[in-house]
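See below for the structure under consideration.
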Amino acid sequence: MFASFVAVAQGGSISAGARRQGVTQGAMTRQIQRLEHDLGVRLVVRGTGPLRTTLTGARLHDRQSSRQRSASATPAR
């Protein structure tokens, strides 16, 4: 679910994140809602304008993006 959130945050919308992950927009929405529920915090601001992350969402995005970069830079053994 963290990868889904990162895709949404980087894509700037649920639909862009869904395309990046190869899932439907509805499935992506449910994944983000589930992550928010599991963490007990709002990660994105939903509305009529572009999707924005909350402060907590921005921090989570930074942390997860760093982890993904580190994982992809680590050579396989």
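Scope of the values below: all heavy atoms of this structure, side chains included, with no hydrogens, waters or symmetry mates.
At a threshold of 4.5 Å between non-hydrogen side-chain atoms, the residues Thr54 and Val41 do not count as touching. Counting heavy atoms from C-beta on, the side chains of Gln64 and Phe5 never come closer than 4.5 Å. Put simply, the side chain of Leu43 does not reach to within 4.5 Å of the side chain of Thr53, judged on heavy atoms. Counting only heavy atoms from C-beta outward, the side chains of Arg42 and Thr56 never approach each other to under 4.5 Å. Looking at Leu39 and Leu60, their side chains come closer than 4.5 Å, going by heavy atoms from C-beta outward.
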Exercise for the section: Before giving the answer on side chain to side chain contact (heavy atoms under 4.5 Å, CB included), spell out for Ile32 and Val44 the whole-Å C-alpha distance, their side-chain angles and the decisive distance to 0.1 Å. Expected result: CA-CA 9 Å; Ile32 299 303; Val44 296; 4.3 Å; yes
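No chain of hydrophobic side-chain contacts below 4.5 Å, direct or via other Ile, Leu, Val, Met, Phe, Trp or Tyr residues, connects Ile14 to Val6.
What you find for Gln21 and Ala3 is that their closest heavy atoms are NE2-O, 3.9 Å. Listed here is the closest heavy atom pair of Gly11 and Ala16: O-CB, 3.5 Å. Here the closest heavy-atom approach between residue His61 and residue Ala9 is recorded as CD2-CB, 3.4 Å. Residues Asp38 and Met1 come closest through the heavy atom pair OD2-CE, 3.5 Å. When all heavy atoms of Gly17 and Met28 are compared, the closest pair comes out as O-CE, 3.3 Å.
Under the 3.5 Å distance criterion, the side-chain polar atoms of Gln31 are left unmatched by any main-chain donor or acceptor of Ser4. In this structure, the side chain of Arg63 does not engage the main chain of Arg59 through any donor-acceptor pair within 3.5 Å.
Rounded to the nearest 0.5 angstrom, His37 NE2 and Arg30 CZ are separated by 16.0 Å.
For Ser15 and Ser13, the side-chain atoms include at least one donor-acceptor pair closer than 3.5 Å.
Around the CZ atom of Arg46, the shell of radius 6.0 Å holds more than 12 heavy atoms that belong to other residues, nucleotides or ligands.
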